[in-house]
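Hydrogens, waters and symmetry mates are skipped; everything else that's a heavy atom, side chains included, is used. Read the numbers this way: they start at 1 and go in the same order the structure lists the ligands and their atoms.
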Amino acid sequence: MFTGKRILLIVSGGIAAYKTLDLIRRLRERGAAVTPVLTRAAQEFVTPLSVSALAGEKVYRDLFDLTDEAEMGHIQLSRAADLVVVAPATANLMARMAGGLADDLASTLLLATDTPVLIAPSMNVRMWEHPATQRNLDQLRADGIAVVGPDAGDMACGEYGPGRMAEVPEILTAIAAALAGGPLAGRRIVVTSGPTHEPIDPVRYIANRSSGAQGTALARALAALGAEVVFVTGPADVPPPAGVQVVAVDTAREMLAAVQDALPADAAVFAAAVADWRVANAAAQKIKKDATGAPPALKFAQNPDILATVAGMGPGRPALVVGFAAETDEVLAHATAKRARKGCDWIVANDVSPATGIMGGTENEVTLITADGAETWPRLSKDAVATRLAARIAEALS
Ligand code: CTP
């Protein structure tokens, strides 16, 4: 994947630049060549000497360095790479990219390039959450730029939240996907997966038998085709796939909020088995048995329908919204009605009666219902269903 590839690596001035030194080592270990470019601010965090020693190449720094222009013009520099990676990408550089500015070597290369670009944002949580940065992020995504991270965690400035640059293995996975240039490269897809847990009290909850296997397989298959996947998962039995952005939630309401946060996206696939009801009178303390032996009286409230909410969005609705229908009888009729009721483009219907062994099992037998009609697939492994469905999604988005 990496052998013989050339990465133009732009380092802007964030504290995470120290991680970029390790990224350079890992890329070279895998056989990639790295052309490093440092912004002026980056040089406050890492020295050109250490970057150049690790990359084994000259470091480019200045737009008006005539020697460089004679050796290799900035246009050529920007186009000689298989991929441009910006790590860390500061709020300032993202803003300049979104605005199309070309006021230093890094921004000029980014404006002049016709090569795919991947950025790894890194900044303070408030800067990340600022509407201006989020606006710029949306613009960059609309311009076809792939984004990896940021992660949430403790920050160098002592605060906590999203903004920390993605870790090196995560960036390597994103680089591999971008280099693979799959049919979904540059596409952002939200996938929900797993059950939700609806608390009764602090120690008890209501859940269902979903293992998260089908959603996980689907997220993996979409990422393998180059998509940037946001994987919103309830408490599942199977671990999340590598190379996707994982957002772990417990309840249906948390899942809805996480999905809304993850938008805009090109497609959204709702494989989660969301609890239809939550306990309206969930107790703040553990419910105790009392002397009368009377069981607690639980009251239920209906959860928001995440699929229907997203499918019914006006502006900002993903171009393709896919739901699943878990049925135990009259699968086709119920699923067809569900597609209409929820307003989604496709429904992947399956029979989850215990006799089928599908829920919690490794295989699935699905019928894909689209505007063109219904298509029943043979019984396949959940991985094979995921691969087929990912290919169909790629086709639909192309
Ligand atoms: N779904 C959702 N939010 C909910 C309930 C369901 O996003 N609160 C999504 C599921 O992820 C799935 C689709 O809606 O993609 C259908 O889920 P399913 O459980 O089959 O249907 P229900 O909405 O529960 O409808 P019914 O109770 O009529 O079976």
Requested in this report: Might you check, step by step, whether the distance between atom 24 (O) of ligand 1 and some protein heavy atom is under 4.0 Å?
Outcome: yes
Could you pull out all donor-acceptor pairs under 3.5 Å where a side-chain atom in residues 161-176 meets a protein atom, sequence neighbours excluded?
from	atom 1	to	atom 2	distance (Å)
Arg164	NH1	Asp154	O	3.4
Glu167	OE2	Lys19	NZ	3.2
Thr173	OG1	Pro169	O	2.9

Query raised in the report: When you check the side-chain N and O atoms of Ser381 and Asp383, is any donor under 3.5 Å from an acceptor?
Result: no
Requested in this report: Using distance alone, with no hydrogens and no angle criterion, decide if Thr47 and Ser50 have a side-chain donor and acceptor under 3.5 Å apart.
Outcome: yes
Query - Distance filter under 4.0 Å to Gly323 heavy atoms, resulting ligand 1 atoms - result: 15 (O)
Query - Proximal ligand 1 atoms for Ala325, defined as those under 4.0 Å from one of its heavy atoms - result: 20 (O)
Query raised in the report: Got the closest protein heavy atom to atom 17 (O) of ligand 1, with its distance?
Result: Phe324 O, 3.6 Å
Query - salt bridge (charged side-chain N to carboxylate O under 4.0 Å, His left out) partners of Glu363, counting only residues at least two apart - result: Arg379
Requested in this report: Any atoms of ligand 1 less than 4.0 Å from a non-hydrogen atom of Pro304? List them with their elements.
Outcome: 3 (N), 4 (C), 8 (N)
Requested in this report: Looking only at protein heavy atoms, identify the closest one to atom 3 (N) of ligand 1 and say how far it is in Å.
Outcome: Ile306 N, 3.0 Å
Requested in this report: Could you tell me whether Arg6 and Glu57 make a salt bridge, using a distance below 4.0 angstrom between a side-chain N and a carboxylate O?
Outcome: yes
Query raised in the report: Does a salt bridge link Asp138 with Arg135, judged by any charged N lying under 4.0 Å from a carboxylate O?
Result: no
Report summary line: One finds that the ligand 1 atoms under 4.0 Å from a non-hydrogen atom of Ala272 are 10 (C), 11 (O)
Query raised in the report: Nearest to atom 29 (O) of ligand 1, what protein heavy atom do you find, and at what distance?
Result: Lys338 NZ, 3.0 Å
Requested in this report: Check ligand 1 against Arg341 and write out every atom of the ligand that is under 4.0 Å from a heavy-atom position of the residue.
Outcome: 25 (O), 28 (O)
Query raised in the report: For Gln139 and Asp143, does a side-chain donor sit closer than 3.5 Å to a side-chain acceptor?
Result: yes
**Report entry** Pair Asp104 + Arg40, salt bridge at N-O below 4.0 Å
**Finding:** no
Report task. Compute the minimum heavy-atom distance from His334 to ligand 1 and say whether it is under 4.0 Å. Result -> no
Report task. Considering only non-hydrogen protein atoms, determine which one is nearest to atom 7 (O) of ligand 1 and report residue, atom name and distance to 0.1 Å. Result -> Leu307 N, 2.8 Å
Query raised in the report: With a 4.0 Å cut-off on heavy atoms, is Lys342 touching ligand 1?
Result: yes
Query - Polar contact flag, side-chain donor to acceptor under 3.5 angstrom, Glu365-Asn350 - result: no
Requested in this report: Run the contact test for Ala252 against ligand 1 with a 4.0 Å cut-off on heavy atoms, strictly below, and give the result.
Outcome: no
**Report entry** Protein heavy-atom partner closest to atom 27 (O) of ligand 1 - residue, atom, separation in Å
**Finding:** Asp276 OD2, 3.7 Å
